[in-house]
Structures are given as C-alpha cells and as structure tokens.
Amino acid sequence: MLQASNAEGRFIGRFDDTNQRYYQARLRELNANAWLLRPALDLLNVLLLIAVIYSYGARELGGVEIGVLYAFVGYIGRVVEPLIQITLQFGQLQQAVVAASRVSYLLREPAAQQPGADGRIAAGAVSFRRLTFGYQPEHPVLHDLSLEIPAGGFVGIVGHTGSGKSTLLSLLLRFYRPQHGDILIDGQPLESISDAAFRAGIGLVPQDPFLLAASARENIDMGRGLSQQAIEDAARAADVHELILSLENGYDSDMGESGARLSSGQKQLIAIARALAGKPRILLLDEATSHIDSETEQLVQQALTRLAGKITLISIAHRLSTIRDADTIIVLNHGRIAETGDHEQLMRLGGIYQRLYLLQQMQTEDEA
Ligand code: ATP
Ligand code: MG
C-alpha cells in the first residue's frame with residue numbers, strides 16, 4: 001500500500017517524528033528522576049544523619065556508647081534504602097497506573113446486551129426513533145432520524161456517498177450505540193435481545209462480502225452444518241443455484257482465494273445465499289458500490305423482489321434499479337431523511353431521487 005501510493009518518504013518522516021517525541025519524553029523522565037527523586041532522598045539521608053549526630057552531640061556523648069550511635073546510623077540506612085527502591089520503581093509504577101486505567105476503560109465499556117436479555121426476533125419489524133449518532137459525538141452523522149419498517153416490509157435506502165447509509169445499518173447491528181434515540185425490533189429495545197437470537201434473526205450482506213478459499217457449499221454453510229437441501233434452497237432464493245451448477249464441480253467447486261473466480265456481483269449473490277441460509281427474519285443488504293454488470297444487477301433485483309414480503313428487507317442501493325420494487329424508498333441526505341415514498345412517488349416528486357435515477361439511466365444507456 002505504502003509503496004503503491006509512493007508514500008514511503010512521508011511515513012518514514014512520521015516514524016522519525018514519533019521516535020523523536022518518544023526520545024524526548026524518555027529524556028524528560030530521566031531528568032526528572034535524576035534531579036528530583038534520588039537527590040531528594042540523599043538529602044533526606046544526610047539530614048537524618050545530621051539530626052542523629054547533633055542530638056548525640058548535644059548530650060556530649062555522655063553515657064552513650066559508640067556502638068549505639070553506629071546502630072542508629074545503620075537504622076537511617078534501613079529507612080532510606082526502601083525509599084530509594086521505591087523511587088527506582090516509580091517509572092514502572094506510573095506505567096502500570098496508565099495501563100490499568102486503559103484496561104479499566106475497556107472493562108467499563110457497557111455490554112451491548114443486558115444481562116438476562118431474553119428477547120426474540122419473531123416478526124422482524126424495525127423502528128428507529130429520533131436517532132442521533134456521530135462517530136465523534138460533536139459531529140453527528142445521523143440527525144434525529146425516525147423510521148418505521150413493518151415486518152415483511154421492503155425498504156430501500158439511497159443517498160450520496162457519506163450520507164450515513166452504512167452507519168444506519170451499523171447502529172441496527174449494535175456495532176455502535178446511538179447518542180440519542182432508540183432502535184426497536186418487534187417493539188423491544190435492541191439490548192434486550194440475546195446475542196444468539198440477534199445473530200440468528202438478522203442476516204447481513206456487507207458492502208464487500210468476504211468469500212473463503214473453499215467450496216461454494218462451505219461458503220454458504222459457514223460451518224453451521226446445514227443440510228444440502230437448506231444450502232440449495234438458500235442458493236435458489238438468492239438466484240445463484242444455476243450459477244453454481246454451471247461451475248465444473250457444482251457445489252464442490254472451489255471459489256478461489258477470497259472468491260477470485262467470481263465477479264463482485266456474483267460474490268454478493270453468494271453472500272445473500274449465505275445470509276439467507278441462516279433463515280433470518282431481517283435481511284440487511286449493503287449493495288456493492290460498483291462493478292455490478294447489469295445482468296447481475298437484474299439478478300439481485302429479482303432475488304430481492306422474490307424475498308419481498310417474506311422477510312423484512314433493508315437494502316442500501318447504489319444501483320437504484322435493484323430497489324425499484326421497494327415498498328418505501330428513503331433518500332438520505334447529510335444524515336437526514338430528505339425524501340420518502342415508492343419509486344413512482346419519488347419520480348413524480350422530482351427531487352434528489354429523480355435526479356439520481358435519471359443520471360444512472362443515462363449512464364446505463366451510454367454503456368449499452
Ligand atoms: P457510501 O455510499 O460511500 O457507502 P454511506 O452513506 O454508507 O456512504 P457512511 O459510511 O454511513 O456513509 O458514513 C457517513 C459519515 O460517517 C461519513 O462522513 C464518514 O466519513 C463517517 N464515518 C463512517 N465510518 C466512520 C468511522 N468508523 N469513524 C469515523 N467516521 C466514520
Ligand atoms: Mg456505505
């Protein structure tokens with residue numbers, strides 16, 4: 001990466017910079033130790049010695065044996081020596097304090113799930129209520145966003161890059177917690193759903209799905225031990241059954257290192273099959289940004305249309321044609337809902353959606 005972007009020089013500079021700062025900090029620490037701690041203790045040592053000798057001297061050594069004086073001087077050493085040891089460990093102590101505070105910061109991070117959470121995802125209705133969230137709280141990415149998705153609904157989300165589409169899914173997946181507002185599934189807050197029920201109830205098709213260097217079957221099964229029937233059903237629902245059969249070994253064909261044999265659209269279809277194989281009630285799809293040829297685009301669209309009504313579908317679309325049939329299309333703009341409606345309504349509205357749609361149609365015609 002560094003070499004490809006010709007950035008070695010810049011990074012070497014940054015590395016030097018960091019080293020230099022570390023060196024200076026170390027030096028300051030050593031200086032502080034040298035000036036403050038050790039000499040201070042030596043001074044204490046000497047002062048104690050003076051005090052002892054002085055108090056004996058005041059009594060003019062009358063009746064005090066030299067042995068007793070010697071013992072006292074020895075005691076002073078015993079008092080001071082542990083103090084010296086402590087100062088020597090002082091730097092380590094400080095490091096330990098810092099390390100401990102970091103560990104406790106992690107430990108204090110609240111669990112996403114409440115203990116004793118026993119909620120289930122039965123129907124798959126999702127509601128976002130007055131959601132405000134920013135990766136840095138002072139820069140919200142989503143502003144006071146509310147959205148109701150009925151069980152079995154098909155919602156398409158569109159919007160310019162950076163408008164907060166993936167962020168919305170990340171919140172629903174409990175990757176982050178909103179600063180304000182609630183997310184409910186079937187009327188229950190997200191935290192009240194157990195991890196197992198949560199993972200079983202929600203299927204995710206990420207923007208850049210990862211395929212294993214294994215067979216098609218293993219890529220759909222993902223170690224869940226599903227039956228051949230279940231795997232084929234999922235593949236059919238995602239419209240990759242035919243594609244897989246057309247490979248030389250059918251379901252046993254190797255997909256190549258991270259799916260190198262497949263186009264990115266086909267990878268996404270396999271990822272849809274993988275998600276569907278878990279029989280989720282809610283399917284989240286973050287569509288691949290580019291490189292989908294219009295044929296796969298059509299396959300994705302058909303797969304979604306066939307699933308519509310059976311499970312709740314939330315699909316982030318970059319190719320608007322894949323969500324043409326959605327019940328509701330949400331247009332996000334800078335973290336707010338700018339337009340809502342189905343395809344016909346939004347086209348008639350003549351806003352952002354219409355512009356995006358016409359633009360993509362022109363591009364597709366250019367390619368054809
Ligand atoms: P795209 O169409 O390119 O996928 P998007 O609508 O999915 O865009 P998001 O990924 O939700 O956009 O990002 C919304 C905003 O949040 C952007 O300004 C982005 O820079 C910022 N952002 C996203 N992820 C993070 C993160 N992990 N940390 C900090 N900021 C982030
Ligand atoms: Mg995104």
Side-chain angles (χ1 to χ4, degrees), residues 1 5 105-106 109-110 112 126-147 149 154-183 190 202-211 263-265 267-269 271-272 274-275 282-293 296-297 300-301 304 313-324 326 328-341 343 346 351-361 363-364:
M1 260 312 277
S5 50
Y105 174 79
L106 269 185
E109 182 78 5
V126 179
S127 34
F128 298 96
R129 303 234 168 112
R130 310 207 58 178
L131 217 56
T132 297
F133 170 78
Y135 293 94
Q136 292 102 26
E138 61 280 14
H139 299 293
V141 172
L142 298 174
H143 305 264
D144 200 16
L145 185 145
S146 297
L147 179 62
I149 304 171
F154 177 6
V155 171
I157 303 178
V158 302
H160 293 290
T161 177
S163 55
K165 305 182 293 294
S166 299
T167 305
L168 194 62
L169 290 198
S170 302
L171 289 177
L172 180 55
L173 287 163
R174 300 204 293 212
F175 294 162
Y176 302 94
R177 286 162 159 256
Q179 273 100 24
H180 297 286
D182 298 298
I183 304 175
L190 280 191
I202 299 188
L204 170 70
V205 182
Q207 199 158 358
D208 40 8
F210 186 81
L211 292 203
S263 78
S264 75
K267 273 194 251 181
Q268 192 130 43
L269 289 178
I272 294 177
R274 180 191 281 171
I282 302 173
L283 182 71
L284 309 179
L285 186 115
D286 201 344
E287 195 182 81
T289 325
S290 51
H291 311 307
I292 294 198
D293 55 277
T296 348
E297 189 176 324
V300 174
Q301 185 203 348
L304 290 185
L313 276 176
I314 305 180
S315 174
I316 296 180
H318 296 277
R319 310 296 306 171
L320 299 190
S321 64
T322 60
I323 50 148
R324 257 193 82 131
T328 315
I329 297 170
I330 309 288
V331 182
L332 273 189
N333 194 21
H334 297 298
R336 290 174 217 273
I337 296 180
E339 297 166 15
T340 337
H343 175 75
L346 290 180
I352 302 176
Y353 180 82
Q354 189 209 33
R355 275 204 304 281
L356 280 174
Y357 191 83
L358 293 180
L359 200 70
Q360 286 197 355
Q361 239 181 4
Q363 283 167 354
T364 321

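Note that the structure is a prediction, hence the values are computed from the model and not measured. Note that ligands are numbered from 1 as they come in the structure, with each ligand's atoms numbered from 1 the same way. One is the number of the first residue; the rest follow in order along the sequence.
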Closest to atom 24 (N) of ligand 1 (judged by heavy-atom distance), picking from Phe175, Tyr135, Tyr176, Phe133: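 Looking at heavy atoms only, the winner is Tyr135.
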N/O/S atom of Ser166 under 2.8 Å from the Mg ion (ligand 2), yes or no?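 Looking at Ser166, which is the residue asked about, there is an N, O or S atom under 2.8 Å from the Mg ion (ligand 2).
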Interfacing atoms of ligand 1 (cut-off 4.0 Å, heavy-atom, [X]):
{"X": "Thr161", "answer": "1 (P), 2 (O), 3 (O), 8 (O)"}
{"X": "Ser166", "answer": "4 (O), 5 (P), 7 (O), 10 (O), 11 (O)"}
{"X": "Gln207", "answer": "4 (O)"}
{"X": "His318", "answer": "2 (O)"}
{"X": "Thr167", "answer": "9 (P), 11 (O), 13 (O), 14 (C)"}

Establish, from distance only, whether the side-chain atoms of Thr167 and Tyr176 form a donor-acceptor pair under 3.5 Å.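 Short answer, no.
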Using a distance-only test with no angle check, is there a side-chain donor-acceptor pair under 3.5 angstrom linking Thr132 and Asp144?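 Side chains of Thr132 and Asp144: no pair found under 3.5 Å.
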If you measure every N/O of [X] against every N/O of ligand 1, is any gap under 3.5 Å?
{"X": "Gly159", "result": "no"}
{"X": "Val141", "result": "no"}
{"X": "Gln136", "result": "no"}

His180 vs Phe133, ring pair (Phe, Tyr, Trp, His ring centres under 6.0 Å): CA-CA, chis, key distance, verdict: CA-CA 7 Å; His180 297 286; Phe133 170 78; over 10 Å; no
Is Leu332 close to Val158 at the side-chain level, that is, under 4.5 Å between some pair of heavy atoms?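 Not in contact.
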So do Leu346 and Val331 actually touch side chain to side chain, heavy atoms under 4.5 Å?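 Yes - at least one pair of side-chain heavy atoms lies under 4.5 Å apart.
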Applying side-chain contact (heavy atoms from CB on, under 4.5 Å), run through Gln354 and Leu358 and close with a yes or a no. CA-CA 6 Å; Gln354 189 209 33; Leu358 293 180; 4.1 Å; yes
Under a 4.0 Å threshold between the charged nitrogen and the carboxylate oxygen, would Arg129 count as salt-bridged to Asp182?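 Looking at Asp182 and Arg129, the cut-off is not met.
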